[in-house]
Amino acid sequence: MVNKNEQKKTPYLRAYQKYLKEHTAVFDVPGHHQGRIRTDFDKIFTHIVYQNDVNCPRGMDNLAHPTGVIKEAQDLFAKACGADYCKFLINGSTSGNLIMFLSALQANDKVILPRNVHKSAINGLILSGAVPVFIMPEIDKKTEIVNQVSFEEWKKAIDENPDAKAIFIINPTYFGATCDLKKIVNYAHLHDKIVLVDEAHGSHFYFSNKLPISAMKAGADLSTLSIHKTGGSLTQSSVLLVKGKRVSKYSVIKSFNLLTTTSPSSILLASLDAARKYLVFRGSEKIYNAIKLARLAKERIDKIPGFIAHGKDYFIKECDAFSYDETKLCVEVDKLKITGFDLYKLLKDKYQIQIELGETYVFLLLFTIGSNEKDVDRLISALEDISKDYYDPNIVYEDHHYVDGFPKMEVRPRVAYHAPLKVCKLRNAVGKISKEMIMIYPPGIPLIIPGEVFTKEVVDELTYYKNMKANILSDWSASNEVSVIDEKKRKFVKEDFEKDY
Ligand SMILES: Cc1ncc(COP(=O)(O)O)c(C=O)c1O
């Protein structure tokens, strides 16, 4: 049980407030000295942002080695989430994933993970040198959404890889699907595997009983939560939670300090302290409100020709999800003359409505503790308008082009990352080993990762997305080129690099 009396405290926020009230003469960083300069920034925002931007002055503790108010605030967060230990993050769950990989795995340790992980998990493989054993998630052919991995698939992978050190689970996926987390955690622990969980989209699970189970409740060892995504703190601010002793606190702190700036933003840290108190006291009511708004929006959207809103029932019945985060609503564009990509742009450019994501056949709406009915009304009237302009019941869509599965991995991501580079035209890449990750953003799930071999399907898919003017992220920025491992060195890379990297 969370001690509500204790949770009323906001130790970091209070120390911060006290410092600001003291009107200190400053001779430390940051160099703008609490806004003693005026920049163009002030024309857009109020000067208050500069005035409140301090680093770690006396009395406000130090994130690298907290012993005072940051430690107290982290401890309160851990207790609110049922964890033994919490670390505040100021570089999102991106750093949370990297820290989890680095603290639980060493080079050549095996880790089992679904292939639809976020790019930061692939970067965790590169940094740690761990060997991935990918399991393939369920792909919904109708909407092209990549979902969860069933308990049976997890069990099979764990049984077939007794030497794997850890497993890595996503709770929930970008689109809101969850797996049978508790059963998978129990099975993994029974087989002596560390359980790491990416809860970038699951912060709110800790503060409502109307949502799927959280990682800590399910007994996982480590989890990263982007509190900024669904928990109400400021962008970038996140937390890493630790439970039990399978991964030592020391390893977590060591990896955290390897990857984290020594100058964290106090504004971000304070927003975590405040969000935790808000979630403990108002979270349940606000999250329920978000669920009710999502249900209401679903009902109204389903009445508009050209749109089918998919909620919990769809993901459980049609996509084999174990459960679903009802604060998300995935809407299929059905018999519209435009794609989800077009709709994403149209909604913003013509109606000033920003949605989470648009893809070929779907778009994604998030309902959060900040959502309100007025915005839902605006969305509905925009969709009604769009329906009038673009709905055509006679449209026959082309066959979906989605590749069934992901490309094969020939060398470990870390090996490919360090291997000799060659640049080639995308159209000539078939058969070559990628040196980079290429993805559509959002959601940031790589279509190919370092070490995987380009197939004709991947090249066609990337060409399709380029033609759709989708937002493609890659390291090699030229639009029709990709970076691959030099073919002449391929044999050498496979034989020698595998040993050394
Ligand atoms: C599944 C998943 N994991 C991790 C991240 C990274 O989170 P953050 O943006 O907090 O760095 C994202 C970001 O969208 C994500 O979708």
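Just so you know, ligand 1 is whichever comes first in the structure, and atom 1 is the first atom listed for that ligand. Being a predicted model, the structure only gives us computed values, none of them experimental.
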Is the terminal nitrogen or CZ of Lys312 (NZ for Lys, CZ for Arg) located under 6.0 angstrom from the six-membered ring centre of Tyr324 and within 45° of that ring's axis?
no

What I want to find out is whether Lys408 reaches Glu452 closely enough, with some N-O distance under 4.0 Å, to be called a salt bridge.
no

Anything under 3.5 Å between an N or O on ligand 1 and a protein N or O? List each pair with its distance, or write none.
{"unit_1": "ligand 1", "atom_1": "3 (N)", "unit_2": "Asp198", "atom_2": "OD1", "d": "3.2"}
{"unit_1": "ligand 1", "atom_1": "3 (N)", "unit_2": "Asp198", "atom_2": "OD2", "d": "2.6"}
{"unit_1": "ligand 1", "atom_1": "9 (O)", "unit_2": "Lys229", "atom_2": "NZ", "d": "3.2"}
{"unit_1": "ligand 1", "atom_1": "10 (O)", "unit_2": "Ser93", "atom_2": "N", "d": "2.8"}
{"unit_1": "ligand 1", "atom_1": "10 (O)", "unit_2": "Ser226", "atom_2": "OG", "d": "2.7"}
{"unit_1": "ligand 1", "atom_1": "10 (O)", "unit_2": "His228", "atom_2": "NE2", "d": "2.7"}
{"unit_1": "ligand 1", "atom_1": "11 (O)", "unit_2": "Ser93", "atom_2": "N", "d": "3.2"}
{"unit_1": "ligand 1", "atom_1": "11 (O)", "unit_2": "Thr94", "atom_2": "N", "d": "2.9"}
{"unit_1": "ligand 1", "atom_1": "11 (O)", "unit_2": "Thr94", "atom_2": "OG1", "d": "2.6"}
{"unit_1": "ligand 1", "atom_1": "14 (O)", "unit_2": "Lys229", "atom_2": "NZ", "d": "3.0"}
{"unit_1": "ligand 1", "atom_1": "16 (O)", "unit_2": "His201", "atom_2": "NE2", "d": "2.6"}

Among Ile70, Leu234, Leu89, whose side chain to side chain contact (heavy atoms under 4.5 Å, CB included) with Leu269 holds?
Ile70

What's the verdict on ring pair (Phe, Tyr, Trp, His ring centres under 6.0 Å) for Tyr174 and His201, showing C-alpha distance, side-chain angles and the deciding distance?
CA-CA 7 Å; Tyr174 199 96; His201 297 278; 4.8 Å; yes

For a ring pair (Phe, Tyr, Trp, His ring centres under 6.0 Å) with Phe168, tell me which candidate from Phe101, Trp154, Phe134 qualifies.
Phe101

Any Lys155 side-chain heavy atom under 4.5 Å of Ile158 side chain
no

